[in-house]
Amino acid sequence: MVTIDNSVPIEITIDDLRLQSPRKDKLAQIFRELEFKSLVDKFSEHAELSKKDYRLILKLEELRSLIKTIRKKGMVCLDTETTSKDYLMAELVGISFCVEPGIAYYLPLGHIYNGVNPQIDIGDALGLLKDILCDDRVEKIGQNIKYDAEVLARYGIHLKGMTFDTMVASYVIDPTLRQHNLDYLAQHYLSYKMLSYEEVTGHNKDKGLGAVDMDKAKEYSCEDAEITLLLKSILEEKLKTTDNYTLFQDLEMRLIPVIMDMEMTGIRIDVDFFKAMSEAFADELSSIEGRIIDLAGEEFNINSPQQLGYILFEKLKLPWKKKTRKKTGYSTDVEVLTELAVQHEVPNLLLRFRTISKLKSTYLDALVNMVNPLTGRIHTSYNQTVTATGRLSSSNPNLQNIPIRTEEGREIRKGFIADEGHLLLSADYSQIELRVFAHYSEDPVLLQAFESGEDIHTRTGAEVFDLDPRMVTPEMRRMAKMINFGIIYGMGPIKLAKELGIPKKVAQAYLDNYYERYKGVKDLKEEILSRVRQNGYVTTLLKRRRYLPNINSDNGNLRAEAERAAINTPIQGTAADLIKMAMINIAERLRRENLSTKMLLQVHDELVFEVPQEELNSATRLIKDEMEGVYPLNIPLKVDINWGNNWGEAH
DNA sequence: AGACTCACG
DNA sequence: ACGTACGTGAGTCTC
């Protein structure tokens, strides 16, 4: 039942709406959320927010007194206001502080408008604040505190004692919550609607908070700090009830400064190399384009899937294989084009065009534009609160999807270079997900294969095709590799048949063979599924949770999706737990042993370092030991290390 | 803003 | 009848 306003309740059952299954499930979910929300609205209390004793700090004396209060409390919730969301460009506009609900302080530092009150000089203010900000005995609480710490670091303030990030806490409690931003969390956990940025800045939106009257900015900023503090106590309790406090405190919070250093260090690229490669690609693209348009007999935009569909399937009358996902047109993806390439030259040229065009625009041109003028390096952002499984993600630019699978793509990695006197070192976990899988399954054949250092795909080939490992051909190994990954992802016989180009029945036989030989795998899958059906969530090695509300859905498709995610998440998520732990330990040891080696990148199962040449031996040993020994499992973890002058050579 | 395509683990 | 393997981010086109 859904009630709108306080008027007559309208009773609608979902079945009245005659919707298709997937939509029906989605709607059911929205209905559940609405009902839940109205309950929260009814019962939640937020009396403390009505006090709103927010004070401006304009005099040195006031700041000194605030600092005393903070030191006495040993804790402060803070929020910086800046001119940009990008920490590399952001300039400080002000900082708000809150040590107890109801009272907060706003320290304006960069407000510029006609008739502005005199503010404390930013150098003087930071000089005084350093005492508490750089002291880890004073706990710092914040929402996405990595950002504040990065901005402050650019002002020479190295924030210490970051113990509670509400965004990260929310993510640990439920990684698939819609959003983890402050507005959403305030609404979700406190039923409180925050002042919006637009409301505060009004028509000055583009000029930023610095152009806003500081009394108004105070209301906005202090509210952020206060709400964050209120959220902290709620989230702290939740972390304990979900048995996730250790994961939060000892892993995710300790990872923040590590990630921060990686982002701020950045990685050097060879701009001239990228520019030259881009020009070569531009030439090739225009030549391919000319030939395609010649063969098509008319001008059209090759980058438009719509126009391309018309040319291929209506003008040239090539047989179309499938429609696009939303059925808005013909699919022209790589799978379709590869099939068509045997009977016509245009699809063949298109494949080449697509590859080159992708590499040029997404990597070569984009990366050159993202070199920071001050550092001369590329600085990515690692997001710690995005993925459903516990992995990091990388953006602006994404450095976790730099090409490697094709020859031209691999070339791009040569443009990521080490600084003078340094080498790039790459350390990657070998087969980490399969090893984690072996660990959980305790399957004797899998355990033995990893214990003895056998090639795991060859071993699987030997099992599935019932041969001596020495008789497994490269083709068989390729198929076995596909099966191994397919198992982790929950692939069915239809997809396997398609991928391997074999009849469905044969694919089914391979899978049957697999489960027959690896008994532990079948048991593990069943155990995971029975647990998730009961609990509604799956967990990783470090107790990270992922809820799967569709696991008992009436809709078969949604249920199957949830089941595959349930199988995959403990594997992918445990691998993520392990590498995060290793990152913390490596950073700690590099510092303790006074090495200048810098961790630069994380690519899910790989870490990239910039190593002074003379540290190569000690760094290699340290990194390998920490990664392989991060957490004893039922199988050994193996790390491959390579180095060179660039990322291409380090692979 | 959504759709399509494609880069990675 | 149709789709059918997990997890991401970005460039481009289209509306």
Side-chain angles (χ1 to χ4, degrees), chain A residues 20-22 175-176 300-309 322-337 350-351 353-367 369-370 380-383 386-406 408-410 412-413 428-434 437 482-499 504 507 511 538 546 548 555-573 575-576 579 601-606:
Chain A
Q20 302 284 340
S21 263
T176 52
F300 72 103
N301 185 348
I302 301 178
N303 282 320
S304 160
Q306 200 185 75
Q307 295 178 40
L308 186 60
K322 59 176 178 180
K323 289 294 186 95
T324 55
R325 218 158 50 88
K326 301 280 173 184
K327 309 191 173 37
T328 52
Y330 307 107
S331 173
T332 65
D333 66 16
V334 65
E335 193 191 321
V336 171
L337 294 179
L350 281 168
L351 284 168
F353 184 93
R354 283 254 176 91
T355 307
I356 302 297
S357 158
K358 174 86 175 179
L359 297 180
K360 181 176 183 296
S361 63
T362 307
Y363 300 102
L364 298 176
D365 297 344
L367 288 173
N369 277 323
M370 297 205 71
T380 183
S381 293
Y382 286 105
N383 201 319
V386 162
T387 71
T389 56
R391 277 186 176 182
L392 297 177
S393 84
S394 158
S395 57
N396 300 309
N398 182 355
L399 294 184
Q400 289 180 324
N401 72 346
I402 301 302
I404 193 168
R405 293 174 185 172
T406 67
E408 300 85 1
R410 208 173 242 279
I412 291 179
R413 294 207 170 204
D428 68 287
Y429 278 116
S430 159
Q431 309 289 6
I432 188 150
E433 293 198 352
L434 284 172
F437 195 56
M482 193 77 77
I483 294 171
N484 273 333
F485 283 112
I487 296 291
I488 297 182
Y489 297 148
M491 178 169 54
I494 298 176
K495 179 72 179 172
L496 182 63
K498 204 167 154 192
E499 289 291 327
K504 206 188 320 176
L511 288 176
V538 287
R546 176 180 181 182
L548 292 160
N555 180 316
N557 281 338
L558 292 182
R559 200 172 59 242
E561 263 175 39
E563 286 174 356
R564 292 193 298 266
I567 301 297
N568 181 258
T569 297
I571 315 292
Q572 192 183 115
I579 197 167
L601 305 176
Q602 190 251 42
V603 194
H604 311 307
D605 62 359
E606 173 188 13

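Reminder, nothing fancy here: chain letters follow the sequence lines and each chain counts from 1.
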If you check the [X] side chain, which of [options] turns out closest?
{"X": "A:Ala366", "options": "C:dG9, C:dA5, C:dG11", "value": "C:dG11"}
{"X": "A:His604", "options": "C:dT8, C:dA10, C:dG7", "value": "C:dG7"}
{"X": "A:Thr387", "options": "C:dT8, C:dG9, C:dA5", "value": "C:dT8"}

key: Bounds of contact between DNA chain B and chain A, in 5' to 3' order, using a heavy-atom cut-off under 4.0 Å   = B:dA3 to B:dG9
message = Does A:Arg559, at its CZ atom, have more than 12 non-hydrogen atoms belonging to other residues, nucleotides or ligands within less than 6.0 Å?
response = yes
inquiry  = With a 6.0 Å cut-off (strictly less than), is the heavy-atom count around NZ of A:Lys498, excluding the residue itself, greater than 12?
reply    = no
note = NZ (A:Lys504) and CG (A:Leu496) are apart, to the nearest 0.5 Å, by 12.5 Å
Nucleotide [N], atom [atom2] - distance to [atom1] of [X] in whole Å:
{"X": "A:Lys322", "N": "C:dC2", "atom1": "NZ", "atom2": "C1'", "value": "13 Å"}
{"X": "A:Arg405", "N": "C:dT8", "atom1": "CZ", "atom2": "C1'", "value": "12 Å"}
{"X": "A:Asn383", "N": "C:dG7", "atom1": "CG", "atom2": "P", "value": "17 Å"}
{"X": "A:Leu367", "N": "C:dA10", "atom1": "CG", "atom2": "C1'", "value": "11 Å"}
{"X": "A:Gln400", "N": "C:dA10", "atom1": "CD", "atom2": "P", "value": "11 Å"}
{"X": "A:Leu548", "N": "C:dG7", "atom1": "CG", "atom2": "C1'", "value": "13 Å"}
{"X": "A:Lys323", "N": "C:dG3", "atom1": "NZ", "atom2": "P", "value": "11 Å"}
{"X": "A:Asn369", "N": "C:dG11", "atom1": "CG", "atom2": "C1'", "value": "13 Å"}

message = Quick check: closest heavy atoms across A:Tyr363 and A:Asn401, and the distance to 0.1 Å?
response = OH-O, 2.7 Å
ask   = Of all heavy-atom pairs between A:Gln431 and A:Phe485, which one has the smallest distance, and what is that distance?
value = OE1-CZ, 4.3 Å
message = Tell me if a side-chain donor or acceptor on A:Tyr429 pairs with a main-chain N or O of A:Ala575 at a distance below 3.5 Å.
response = no
ask   = Side chain of A:Arg413, backbone of A:Ile402: donor and acceptor closer than 3.5 Å?
value = yes
Between [N] and [M], how many Å separate the two [atom1] atoms, rounded to a whole number?
{"N": "C:dA5", "M": "B:dG2", "atom1": "P", "answer": "25 Å"}
{"N": "C:dC2", "M": "B:dA7", "atom1": "C1'", "answer": "28 Å"}
{"N": "B:dC6", "M": "C:dA1", "atom1": "C1'", "answer": "29 Å"}

Contact class for [X] vs. all strands (heavy atom < 4.0 Å): base, sugar-phosphate, or nothing?
{"X": "A:Ile488", "value": "nothing"}
{"X": "A:Glu606", "value": "nothing"}
{"X": "A:Glu499", "value": "base"}
{"X": "A:Ser357", "value": "nothing"}
{"X": "A:Thr569", "value": "nothing"}
{"X": "A:Gly492", "value": "nothing"}
{"X": "A:Arg564", "value": "sugar-phosphate"}
{"X": "A:Ile494", "value": "base"}

request  = Is it possible for you to check whether A:Lys322 lies under 6.0 Å from the centre of the six-membered ring of A:Tyr330, through NZ or CZ, and within 45° of that ring's axis?
outcome  = no
query = With pairs taken as Watson-Crick or G-U wobble and both distances under 3.5 angstrom, which stems of at least three consecutive pairs involve DNA chain C?
reply = B:1-9 with C:6-14
inquiry  = On DNA chain C, does the nearest nucleotide to A:Asn401 precede the nearest nucleotide to A:Thr324 from the 5' side, or the other way round? Give the residue.
reply    = A:Thr324
request  = Applying side chain to side chain contact (heavy atoms under 4.5 Å, CB included) between A:Thr332 and each of A:Thr324, A:Leu308, A:Leu350, report the one that passes.
outcome  = A:Leu308
